> 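Okay, here's the structure, questions in a sec.
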Amino acid sequence: MQVIYEDNHIIIVNKQSGEIVQGDKTGDRPLSDMIKDYLKEKYHKPGAVFLGVVHRLDRPVSGVVVFAKTSKALTRLNKMFAEGEVHKTYWAISPLLPSPHRGGTPSASRTEDRRDARTTTDRSACRLLPEGRKNGQWQTLEHWLVRNEKQNKSYAYDHEVPKAKKAMLRYRMLTQGDHYALLEVQLMTGRHHQIRCQLAAIGCPIKGDLKYGARRSNPDGSISLLARRVEFVHPVSKEPICIEAPVPDDALWQSLAKNV
(Lines give C-alpha, C1' and ligand atoms only; values in the text may rest on other atoms or scores of the structure.)
Protein backbone atom coordinates (compact mmCIF):
# COMPACT_ATOMS: atom_id res chain seq x y z
CA MET A 1 0.00 0.00 0.00
CA GLN A 2 1.38 3.40 -1.02
CA VAL A 3 0.03 6.56 0.63
CA ILE A 4 0.44 9.54 -1.70
CA TYR A 5 -1.46 12.16 0.34
CA GLU A 6 -2.77 12.38 3.88
CA ASP A 7 -4.12 15.05 6.22
CA ASN A 8 -6.51 15.10 9.18
CA HIS A 9 -9.58 14.41 7.06
CA ILE A 10 -8.62 12.45 3.94
CA ILE A 11 -6.10 9.88 2.80
CA ILE A 12 -5.27 9.12 -0.83
CA VAL A 13 -3.49 5.92 -1.81
CA ASN A 14 -2.08 4.39 -4.97
CA LYS A 15 -4.06 1.20 -5.49
CA GLN A 16 -2.22 -1.69 -7.12
CA SER A 17 -3.91 -3.86 -9.74
CA GLY A 18 -5.39 -6.93 -8.11
CA GLU A 19 -6.33 -5.13 -4.91
CA ILE A 20 -9.99 -4.61 -4.02
CA VAL A 21 -11.06 -1.31 -2.51
CA GLN A 22 -13.79 -2.72 -0.26
CA GLY A 23 -14.61 -6.23 0.93
CA ASP A 24 -16.59 -8.46 -1.44
CA LYS A 25 -17.70 -12.09 -1.82
CA THR A 26 -14.14 -13.23 -2.58
CA GLY A 27 -13.20 -12.73 1.04
CA ASP A 28 -9.87 -11.22 0.02
CA ARG A 29 -8.46 -8.57 2.30
CA PRO A 30 -9.52 -5.17 0.97
CA LEU A 31 -7.49 -2.00 0.69
CA SER A 32 -9.82 -0.31 3.20
CA ASP A 33 -8.74 -2.78 5.89
CA MET A 34 -5.05 -2.26 5.07
CA ILE A 35 -5.49 1.49 5.51
CA LYS A 36 -7.30 1.04 8.83
CA ASP A 37 -4.38 -1.05 10.08
CA TYR A 38 -1.95 1.60 8.85
CA LEU A 39 -3.84 4.39 10.66
CA LYS A 40 -4.23 2.34 13.82
CA GLU A 41 -0.49 1.70 14.00
CA LYS A 42 0.63 5.18 12.93
CA TYR A 43 -1.57 7.04 15.41
CA HIS A 44 -1.65 4.37 18.14
CA LYS A 45 -5.43 4.23 18.11
CA PRO A 46 -6.75 1.90 20.81
CA GLY A 47 -10.22 1.28 19.35
CA ALA A 48 -11.86 0.92 15.96
CA VAL A 49 -10.56 3.17 13.19
CA PHE A 50 -13.03 5.20 11.11
CA LEU A 51 -12.50 5.07 7.34
CA GLY A 52 -15.05 6.05 4.71
CA VAL A 53 -15.04 4.60 1.19
CA VAL A 54 -16.21 7.28 -1.25
CA HIS A 55 -15.43 5.67 -4.61
CA ARG A 56 -13.94 2.50 -6.08
CA LEU A 57 -11.73 1.20 -8.87
CA ASP A 58 -12.19 -2.12 -10.63
CA ARG A 59 -9.92 -4.82 -9.28
CA PRO A 60 -7.55 -5.01 -12.31
CA VAL A 61 -7.20 -1.18 -12.43
CA SER A 62 -4.49 0.76 -10.59
CA GLY A 63 -4.19 4.35 -9.44
CA VAL A 64 -5.50 6.99 -7.05
CA VAL A 65 -8.27 6.19 -4.57
CA VAL A 66 -9.61 8.73 -2.06
CA PHE A 67 -10.79 7.72 1.43
CA ALA A 68 -12.32 9.81 4.23
CA LYS A 69 -10.77 9.74 7.70
CA THR A 70 -13.64 11.64 9.35
CA SER A 71 -17.42 11.53 9.10
CA LYS A 72 -17.47 15.21 8.12
CA ALA A 73 -15.17 14.55 5.17
CA LEU A 74 -17.12 11.44 4.17
CA THR A 75 -20.46 13.26 4.03
CA ARG A 76 -19.03 16.13 2.01
CA LEU A 77 -17.01 13.92 -0.35
CA ASN A 78 -20.03 11.73 -1.07
CA LYS A 79 -21.95 14.86 -2.04
CA MET A 80 -19.05 16.13 -4.16
CA PHE A 81 -18.74 12.85 -6.05
CA ALA A 82 -22.50 12.71 -6.63
CA GLU A 83 -22.55 16.26 -7.98
CA GLY A 84 -19.51 15.84 -10.23
CA GLU A 85 -17.22 18.11 -8.23
CA VAL A 86 -14.40 15.55 -8.13
CA HIS A 87 -12.52 15.34 -11.42
CA LYS A 88 -10.71 12.12 -12.29
CA THR A 89 -8.33 11.62 -15.20
CA TYR A 90 -7.38 8.16 -16.45
CA TRP A 91 -4.60 6.87 -18.68
CA ALA A 92 -5.20 3.80 -20.83
CA ILE A 93 -3.04 1.79 -23.21
CA SER A 94 -4.71 0.44 -26.33
CA PRO A 95 -3.14 -1.72 -29.08
CA LEU A 96 -2.76 -0.30 -32.58
CA LEU A 97 -3.01 -2.13 -35.86
CA PRO A 98 0.10 -1.80 -38.03
CA SER A 99 0.07 0.68 -40.92
CA PRO A 100 -1.57 1.17 -43.36
CA HIS A 101 -4.71 0.34 -41.38
CA ARG A 102 -4.47 3.36 -39.09
CA GLY A 103 -5.98 6.71 -39.88
CA GLY A 104 -8.89 8.96 -38.97
CA THR A 105 -10.40 9.28 -35.51
CA PRO A 106 -12.77 7.04 -33.56
CA SER A 107 -16.46 7.77 -33.88
CA ALA A 108 -19.04 7.26 -31.16
CA SER A 109 -21.79 6.73 -33.70
CA ARG A 110 -20.05 3.83 -35.40
CA THR A 111 -21.79 0.47 -34.87
CA GLU A 112 -20.05 -2.62 -36.21
CA ASP A 113 -22.78 -5.20 -35.66
CA ARG A 114 -26.13 -4.12 -37.09
CA ARG A 115 -27.70 -7.53 -36.44
CA ASP A 116 -28.55 -6.54 -32.89
CA ALA A 117 -27.70 -2.80 -33.14
CA ARG A 118 -25.17 -3.21 -30.35
CA THR A 119 -21.60 -2.02 -30.60
CA THR A 120 -19.34 -5.04 -30.56
CA THR A 121 -16.45 -5.44 -28.17
CA ASP A 122 -14.57 -8.33 -29.76
CA ARG A 123 -11.84 -6.46 -31.62
CA SER A 124 -8.27 -6.70 -30.42
CA ALA A 125 -6.69 -3.47 -31.66
CA CYS A 126 -7.59 0.16 -32.13
CA ARG A 127 -8.13 0.63 -35.86
CA LEU A 128 -8.89 4.32 -36.05
CA LEU A 129 -6.44 6.28 -33.97
CA PRO A 130 -4.52 8.96 -35.86
CA GLU A 131 -0.96 8.06 -36.76
CA GLY A 132 2.07 10.08 -35.81
CA ARG A 133 0.25 12.48 -33.49
CA LYS A 134 0.99 13.51 -29.93
CA ASN A 135 -1.36 15.27 -27.53
CA GLY A 136 -4.26 14.96 -29.97
CA GLN A 137 -7.53 16.84 -29.86
CA TRP A 138 -10.17 15.82 -27.37
CA GLN A 139 -12.86 13.52 -28.78
CA THR A 140 -16.19 12.82 -27.10
CA LEU A 141 -17.83 9.39 -26.91
CA GLU A 142 -21.53 8.95 -26.22
CA HIS A 143 -23.19 5.57 -25.80
CA TRP A 144 -26.05 3.92 -23.97
CA LEU A 145 -24.80 1.23 -21.58
CA VAL A 146 -26.69 -1.79 -20.31
CA ARG A 147 -25.20 -3.66 -17.36
CA ASN A 148 -25.42 -7.45 -17.20
CA GLU A 149 -25.18 -8.31 -13.50
CA LYS A 150 -24.55 -12.03 -14.04
CA GLN A 151 -21.66 -11.41 -16.41
CA ASN A 152 -20.42 -8.36 -14.48
CA LYS A 153 -20.14 -6.63 -17.83
CA SER A 154 -21.66 -3.66 -19.65
CA TYR A 155 -22.75 -3.49 -23.28
CA ALA A 156 -22.67 -0.31 -25.38
CA TYR A 157 -25.36 0.80 -27.82
CA ASP A 158 -25.34 3.81 -30.11
CA HIS A 159 -28.99 4.58 -29.28
CA GLU A 160 -31.26 4.38 -26.25
CA VAL A 161 -32.52 0.90 -25.39
CA PRO A 162 -34.51 -0.45 -22.40
CA LYS A 163 -32.64 -0.32 -19.06
CA ALA A 164 -29.75 1.60 -20.64
CA LYS A 165 -27.99 4.53 -19.02
CA LYS A 166 -26.41 7.31 -21.04
CA ALA A 167 -22.60 7.31 -20.84
CA MET A 168 -20.27 10.08 -21.95
CA LEU A 169 -16.52 10.51 -21.78
CA ARG A 170 -13.85 12.43 -23.60
CA TYR A 171 -10.43 11.20 -24.58
CA ARG A 172 -7.35 12.15 -26.52
CA MET A 173 -4.19 10.44 -27.62
CA LEU A 174 -1.14 11.50 -25.60
CA THR A 175 1.44 9.56 -27.57
CA GLN A 176 1.93 6.30 -29.43
CA GLY A 177 4.63 3.75 -30.08
CA ASP A 178 4.98 1.12 -32.76
CA HIS A 179 2.17 -1.05 -31.42
CA TYR A 180 0.34 0.84 -28.69
CA ALA A 181 -1.27 4.21 -27.99
CA LEU A 182 -1.45 6.00 -24.65
CA LEU A 183 -4.84 7.65 -24.19
CA GLU A 184 -6.00 10.19 -21.62
CA VAL A 185 -9.64 9.81 -20.58
CA GLN A 186 -11.97 12.01 -18.56
CA LEU A 187 -15.37 10.73 -17.45
CA MET A 188 -18.44 12.90 -17.93
CA THR A 189 -20.73 10.29 -16.36
CA GLY A 190 -20.04 7.43 -13.96
CA ARG A 191 -21.24 4.07 -15.28
CA HIS A 192 -20.26 0.47 -14.64
CA HIS A 193 -17.02 -0.35 -16.53
CA GLN A 194 -17.62 2.80 -18.56
CA ILE A 195 -14.12 3.44 -19.90
CA ARG A 196 -13.49 -0.22 -20.61
CA CYS A 197 -16.81 -0.65 -22.40
CA GLN A 198 -16.83 2.57 -24.42
CA LEU A 199 -13.24 2.25 -25.66
CA ALA A 200 -13.92 -1.34 -26.68
CA ALA A 201 -17.06 -0.22 -28.51
CA ILE A 202 -14.99 1.93 -30.89
CA GLY A 203 -12.45 -0.82 -31.49
CA CYS A 204 -9.94 0.26 -28.85
CA PRO A 205 -10.05 -2.37 -26.07
CA ILE A 206 -7.68 -1.68 -23.20
CA LYS A 207 -4.55 -3.81 -23.26
CA GLY A 208 -5.06 -6.94 -21.17
CA ASP A 209 -8.83 -6.50 -20.82
CA LEU A 210 -10.07 -9.91 -22.00
CA LYS A 211 -13.61 -9.17 -20.81
CA TYR A 212 -13.87 -6.34 -23.34
CA GLY A 213 -12.11 -7.80 -26.34
CA ALA A 214 -8.36 -7.70 -25.73
CA ARG A 215 -6.65 -10.57 -27.51
CA ARG A 216 -4.44 -11.58 -24.59
CA SER A 217 -4.11 -10.90 -20.89
CA ASN A 218 -1.32 -9.03 -19.16
CA PRO A 219 1.12 -11.32 -17.34
CA ASP A 220 0.14 -9.96 -13.92
CA GLY A 221 -3.61 -10.11 -14.56
CA SER A 222 -3.95 -6.31 -14.68
CA ILE A 223 -5.53 -4.25 -17.40
CA SER A 224 -3.61 -1.23 -18.69
CA LEU A 225 -5.89 1.38 -17.14
CA LEU A 226 -4.54 3.83 -14.57
CA ALA A 227 -6.52 6.29 -12.45
CA ARG A 228 -3.81 8.87 -13.04
CA ARG A 229 -5.09 12.04 -11.37
CA VAL A 230 -7.79 13.31 -9.00
CA GLU A 231 -8.67 16.99 -8.53
CA PHE A 232 -11.14 18.56 -6.10
CA VAL A 233 -11.57 21.24 -3.49
CA HIS A 234 -10.75 19.87 -0.05
CA PRO A 235 -14.05 19.12 1.75
CA VAL A 236 -12.94 20.85 4.97
CA SER A 237 -10.03 23.23 4.32
CA LYS A 238 -11.40 24.29 0.89
CA GLU A 239 -7.88 24.21 -0.54
CA PRO A 240 -7.44 22.85 -4.09
CA ILE A 241 -6.18 19.26 -4.18
CA CYS A 242 -4.52 17.70 -7.22
CA ILE A 243 -2.91 14.30 -6.74
CA GLU A 244 -1.27 12.07 -9.36
CA ALA A 245 -0.53 8.36 -9.17
CA PRO A 246 2.91 7.25 -10.36
CA VAL A 247 3.13 5.50 -13.71
CA PRO A 248 3.27 1.71 -13.20
CA ASP A 249 6.72 0.18 -13.02
CA ASP A 250 6.29 -1.60 -16.33
CA ALA A 251 8.43 -1.30 -19.46
CA LEU A 252 5.55 -0.39 -21.82
CA TRP A 253 3.99 2.11 -19.42
CA GLN A 254 7.37 3.76 -18.83
CA SER A 255 8.21 3.85 -22.54
CA LEU A 256 4.95 5.56 -23.52
CA ALA A 257 4.80 7.90 -20.52
CA LYS A 258 8.28 9.31 -21.10
CA ASN A 259 7.08 10.82 -24.37
CA VAL A 260 4.14 12.69 -22.84
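All values derive from a computational prediction rather than experimental measurement. For this chain, numbers begin at 1 and follow the sequence in order.
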> Counting neighbours of CG on Asp249 that are heavy atoms of other residues, nucleotides or ligands and sit closer than 6.0 Å, is the number greater than 12?
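Counting other residues, nucleotides and ligands, CG of Asp249 stays at 12 neighbours or fewer.
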> Residues two or more places apart in sequence or in another chain: which of them pass side-chain contact (heavy atoms from CB on, under 4.5 Å) with Ser217?
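If we apply the side-chain contact (heavy atoms from CB on, under 4.5 Å) test to Ser217, skipping adjacent residues, the hits are Leu210.
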> Counting distance only, does the side-chain N/O of Lys163 pair as donor-acceptor with the main-chain N or O of Val146 below 3.5 Å?
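It does not hold such a pair.
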> Got a sec, which pairs hit salt bridge (Lys or Arg N to Asp or Glu O under 4.0 Å) with one end in residues 1-11, sequence neighbours left out?
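Those involving residues 1-11 are Glu6-Lys42, Glu6-Lys69.
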> Nearest 0.5 Å, what's the NE2-CZ distance between His55 and Phe67?
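Between atom NE2 of His55 and atom CZ of Phe67 there are 7.0 Å.
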> My understanding is that only one of Ile223, Ile206, Asp209 makes a side-chain contact (heavy atoms from CB on, under 4.5 Å) with Pro60; could you say which?
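That would be Ile223.
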> Going only through I, L, V, M, F, W and Y residues with side-chain contacts under 4.5 Å, is there a path from Met168 to Leu187?
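Different hydrophobic clusters.
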> Using 30° and 60° as the class limits, which term best fits the ring planes of Trp253 and Trp91: parallel, tilted or perpendicular?
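Correct class here is parallel.
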> Determine whether Leu96 and His179 make a side-chain contact, defined as any pair of heavy atoms from C-beta on separated by less than 4.5 Å.
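Of all side-chain heavy-atom pairs linking His179 with Leu96, none is under 4.5 Å.
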> Checking Lys211 side chain against Gln151 main chain: does a donor-acceptor pair fall under 3.5 Å?
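Judged by distance alone, yes, a pair lies under 3.5 Å.
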> Roughly how far, to the nearest 0.5 Å, is the NZ atom of Lys207 from the CZ atom of Arg216?
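Taking CZ in Arg216 and NZ in Lys207, the distance rounds to 8.5 Å.
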> Can Met34 be reached from Ile20 by stepping across I, L, V, M, F, W or Y side chains whose heavy atoms are under 4.5 Å apart?
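Unlinked, Ile20 and Met34 end up in two clusters.
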> Could you tell me whether the side chain of Tyr212 and the main chain of Ser154 form a donor-acceptor pair under 3.5 Å?
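Yes, the answer is positive, given that a donor and an acceptor are paired below the 3.5 Å cut-off.
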> Does the side chain of Glu184 come within less than 4.5 Å of Arg228's, by heavy atoms?
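Heavy-atom side-chain distance check fails, nothing below 4.5 Å.
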> My understanding is that only residues two or more places apart in sequence, or in another chain, count here; which of them pass side-chain contact (heavy atoms from CB on, under 4.5 Å) with Lys165?
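Once residues adjacent in sequence are excluded, the partners of Lys165 under the side-chain contact (heavy atoms from CB on, under 4.5 Å) criterion are Arg191.
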> Can you see which heavy atom on Ser17 is nearest to which on Ser62, and at what distance?
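The pair with the smallest heavy-atom distance is N-CB, 3.8 Å.
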> Please name all residues satisfying salt bridge (Lys or Arg N to Asp or Glu O under 4.0 Å) with Arg76, sequence neighbours left out, ordered by chain then number.
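Applying salt bridge (Lys or Arg N to Asp or Glu O under 4.0 Å) to Arg76 gives none.
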> Write down the atom of Val21, the atom of Leu57, and the distance for their closest heavy-atom approach.
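Closest approach of Val21 to Leu57, heavy atoms only: CG2-N, 3.7 Å.
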> For Ser222, enumerate each residue passing the side chain to side chain donor-acceptor pair (under 3.5 Å) test, keeping only those at least two apart in sequence or located in another chain.
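If we apply the side chain to side chain donor-acceptor pair (under 3.5 Å) test to Ser222, skipping adjacent residues, the hits are Asn218, Asp220.
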> Which value, rounded to the nearest 0.5 Å, describes the distance between Leu256 atom CG and Thr175 atom OG1?
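Output value for this atom pair is 6.5 Å.
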> Start with the C-alpha gap between Asp28 and Arg59, add the side-chain angles, then the distance that decides, and say whether salt bridge (Lys or Arg N to Asp or Glu O under 4.0 Å) holds.
CA-CA 11 Å; Asp28 294 340; Arg59 186 163 193 161; 2.6 Å; yes
> For Glu149, which residues count as a side chain to side chain donor-acceptor pair (under 3.5 Å) partner, sequence neighbours excluded?
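Side chain to side chain donor-acceptor pair (under 3.5 Å) list for Glu149, sorted by chain: empty.
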> Mind checking what makes side-chain contact (heavy atoms from CB on, under 4.5 Å) contact with Glu41, not counting sequence neighbours?
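Testing Glu41 for side-chain contact (heavy atoms from CB on, under 4.5 Å), a comparison that skips the adjacent residues, returns none.
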> What residues, two or more places apart in sequence or in another chain, satisfy salt bridge (Lys or Arg N to Asp or Glu O under 4.0 Å) together with Asp250?
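Result, salt bridge (Lys or Arg N to Asp or Glu O under 4.0 Å) vs Asp250: none returned.
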> Between Asn148 and Lys150, what is the shortest heavy-atom contact and its length?
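Heavy atoms of Asn148 and Lys150 come nearest at OD1-N, 3.1 Å.
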> Check whether any side-chain heavy atom of Ile195 sits under 4.5 Å from a side-chain heavy atom of Leu169, and report yes or no.
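Yes, their side chains come closer than 4.5 Å.
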> Locate the shortest heavy-atom distance separating Pro205 from Pro95; write the atom from each residue and the value.
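What the structure gives for the nearest pair is O-CD, 3.3 Å.
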> Give a yes or no on this: more than 12 heavy atoms of other residues, nucleotides or ligands lie within 6.0 Å of atom NZ of Lys79.
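It does not: Lys79 NZ has 12 such atoms or fewer within range.
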> Taking the side chain as C-beta and beyond, is there a heavy-atom pair between Ile35 and Met1 under 4.5 Å?
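Yes. Closest side-chain heavy atoms under 4.5 Å.
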> Going by ring-ring contact (aromatic ring centres under 6.0 Å, His included), name the residues that satisfy it together with His192, two or more places apart in sequence or in a different chain.
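Per chain and number, His192 pairs via ring-ring contact (aromatic ring centres under 6.0 Å, His included) with no residue.
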> When rounded to the nearest 0.5 angstrom, what is the spacing between CG in Leu182 and CZ in Arg172?
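Rounded to the nearest 0.5 Å, the CG-CZ separation comes to 10.0 Å.
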> Kindly give the heavy-atom pair with the smallest separation between Gln254 and Pro248, and that separation in Å.
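Shortest heavy-atom contact: NE2-O, 3.0 Å.
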> Check whether Leu141 and Leu145 end up in the same hydrophobic cluster, where Ile, Leu, Val, Met, Phe, Trp and Tyr are linked by side-chain heavy atoms less than 4.5 Å apart.
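Hydrophobic grouping puts Leu141 apart from Leu145.
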> How close do Asn14 and Gly63 get, heavy atom to heavy atom, and via which atoms?
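Answer, listing the atom of Asn14 first, then Gly63: OD1-CA, 3.5 Å.
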> Other hydrophobic cluster members with Val66, side-chain heavy atoms of Ile/Leu/Val/Met/Phe/Trp/Tyr under 4.5 Å, chained?
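Once heavy-atom contacts under 4.5 Å are chained together, Val66 belongs with Ile4, Tyr5, Ile10, Ile12, Phe50, Val54, Val64, Leu74, Leu77, Met80, Phe81, Val86, Val230, Phe232, Ile241, Ile243.
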> Test of understanding: clusters of I, L, V, M, F, W, Y form through side-chain heavy atoms closer than 4.5 Å, transitively. Do Val236 and Leu39 belong to the same one?
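No, Val236 does not connect to Leu39 through the hydrophobic network.
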> Honestly curious: do Tyr90 and Val13 fall in one hydrophobic cluster under the side-chain, below-4.5 Å linking rule?
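In one cluster: yes.
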> Can you run down the ring pair (Phe, Tyr, Trp, His ring centres under 6.0 Å) pairs that involve residues 19-44, sequence neighbours left out, and say none if there aren't any?
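For residues 19-44: none.
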> Give, for atom CD of Gln176 and atom OG of Ser94, the distance between the pair rounded to the nearest 0.5 Å.
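Rounded to the nearest 0.5 Å, the CD-OG separation comes out at 11.0 Å.
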> Quick one: NE2 on His193 to CG on Leu199, what's the gap to the nearest 0.5 Å?
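Answer for the NE2-CG pair, His193 versus Leu199, is 13.5 Å.
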> Less than 4.5 Å apart, side chain to side chain, heavy atoms only: is that true for Cys242 and Arg229?
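In contact.
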> I'd like to check the side-chain contact (heavy atoms from CB on, under 4.5 Å) partners of Arg170; sequence neighbours left out, ordered by chain and number.
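Only Trp138, Thr140, Gln186, Met188 meet the side-chain contact (heavy atoms from CB on, under 4.5 Å) criterion with Arg170.
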